[in-house]
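A short worksheet on the structure shown next.
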Amino acid sequence: MESESVLFEAREGVAIVTLNRPEVLNAFNAEMLHALRDCLHRAERQGLRCVLLSGAGRAFSAGQDLSAIQDDYAKGGPDFNVILRELYHPVLRGIRTLPMPVVAAVNGVAAGAGMSLALACDIRLASENARFATAFSKIGLIPDAGMAYTLPRLVGAGRANWMLATAEPVDAGAALAMGLVDQVMPAADFPAQAFAFATKMAAGPTKAFVITRRLLDDAATCDFGHVLDLEAGAQAEAGATQDHRMAVASFLEKKPPTFQGR
Ligand code: LHQ
């Protein structure tokens with residue numbers, strides 16, 4: 001079903017998914033998180049080859065909609081355990097297991113679980129206007145939506161702890177310098193440049209991208225010997241793709257490869 005809170009468009013092999021509650025800086029409520037999970041399923045069902053995730057208006061996402069859970073405080077408090085497991089985790093697991101790369105196009109502020117969402121993606125492109133604020137400690141919470149895993153892996157344990165303790169916003173330039181984002185693009189044509197990048201990903205060896213993601217995730221919690229075991233199996237999988245065979249043949253024929261994601 002179409003949702004107003006998350007927009008979906010398929011173009012040139014890319015699922016363009018836009019968080020769309022700009023009046024609250026695309027803060028998440030339950031309906032929006034369901035819609036976001038549905039968009040991931042839809043991209044997969046339609047056989048698309050890259051998801052491009054961004055926010056409408058001036059923000060990427062300000063995280064949990066704090067107004068949406070306001071009433072729960074009068075009734076003993078929101079059940080964060082249930083909210084996380086039932087609403088957030090399916091989205092985050094969905095991203096990490098989606099059979100195509102997911103690119104976050106961080107167009108503006110990304111705070112709390114909004115920042116976590118960007119960190120869970122495979123690639124982060126940032127507009128010059130992007131800002132990252134962990135936000136959690138400002139309201140007495142701890143990092144969630146996967147940030148305890150993703151943030152220290154991207155920026156190191158010390159800086160992750162600093163960002164979580166201070167919760168001060170980090171601008172796009174500083175985010176690039178610390179490895180929090182992969183590329184900063186001019187604000188004026190950010191949507192077009194981010195889309196152009198996503199189309200390149202979609203035209204790439206998307207199966208190999210997805211196997212690489214899985215291998216990196218697994219390697220993060222393994223010793224070296226175990227990683228060697230895992231890579232052998234993963235490379236056998238990549239080596240069995242049509243894309244690999246075609247690319248080797250193209251190389252030998254001195255032709256550019258045309259990947260099909262198979
Ligand atoms: C908002 C929000 C917002 C509602 C801006 N909610 N309205 C938590 C609990 C449950 C389970 C799962 O996990 C989580 C994880 C989390 O995400 S906790 C962290 C929640 N997020 C925050 O604490 C961030 C709150 N927002 C801010 O600190 C600022 O708005 C930032 C730094 C994001 C942007 O600042 P500004 O650019 O100065 O914008 P603003 O503050 O003026 O916001 C614009 C409007 O958006 C404003 O509404 P208004 O009616 O006055 O125009 C805000 O109330 C609304 N808004 N974030 N999370």
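All heavy atoms count here, side chains included; hydrogens, waters and symmetry mates do not. First listed ligand is number 1; within each ligand, the first listed atom is number 1.
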From CA spacing to verdict: side-chain contact (heavy atoms from CB on, under 4.5 Å), L125, V181: CA-CA 6 Å; L125 307 175; V181 300; over 6 Å; no
CZ-CD distance between R21 and E23, expressed to the nearest 0.5 angstrom: 6.0 Å
Verify whether one side chain among T206 and R49 offers a donor that lies under 3.5 Å from an acceptor in the other. yes
For ligand 1, what N or O to protein N or O distances fall under 3.5 Å?
{"residue": "ligand 1", "atom": "6 (N)", "partner": "L66", "partner atom": "N", "Å": "3.0"}
{"residue": "ligand 1", "atom": "13 (O)", "partner": "D144", "partner atom": "OD2", "Å": "2.6"}
{"residue": "ligand 1", "atom": "17 (O)", "partner": "Q64", "partner atom": "N", "Å": "2.9"}
{"residue": "ligand 1", "atom": "17 (O)", "partner": "A113", "partner atom": "N", "Å": "2.9"}
{"residue": "ligand 1", "atom": "21 (N)", "partner": "A62", "partner atom": "O", "Å": "2.9"}
{"residue": "ligand 1", "atom": "37 (O)", "partner": "R58", "partner atom": "NH1", "Å": "2.8"}
{"residue": "ligand 1", "atom": "37 (O)", "partner": "R58", "partner atom": "NH2", "Å": "3.4"}
{"residue": "ligand 1", "atom": "37 (O)", "partner": "R131", "partner atom": "NH2", "Å": "3.2"}
{"residue": "ligand 1", "atom": "39 (O)", "partner": "R58", "partner atom": "NH2", "Å": "3.0"}
{"residue": "ligand 1", "atom": "58 (N)", "partner": "A62", "partner atom": "O", "Å": "3.2"}
{"residue": "ligand 1", "atom": "58 (N)", "partner": "Q64", "partner atom": "O", "Å": "2.8"}

Which of V51, I123, D182 passes side-chain contact (heavy atoms from CB on, under 4.5 Å) with V103? Answer is I123
Do the side-chain N and O atoms of T199 and E12 include a donor-acceptor pair separated by under 3.5 angstrom? no
Within 45° cone of F209 ring axis and under 6.0 Å: R213 NZ or CZ: no
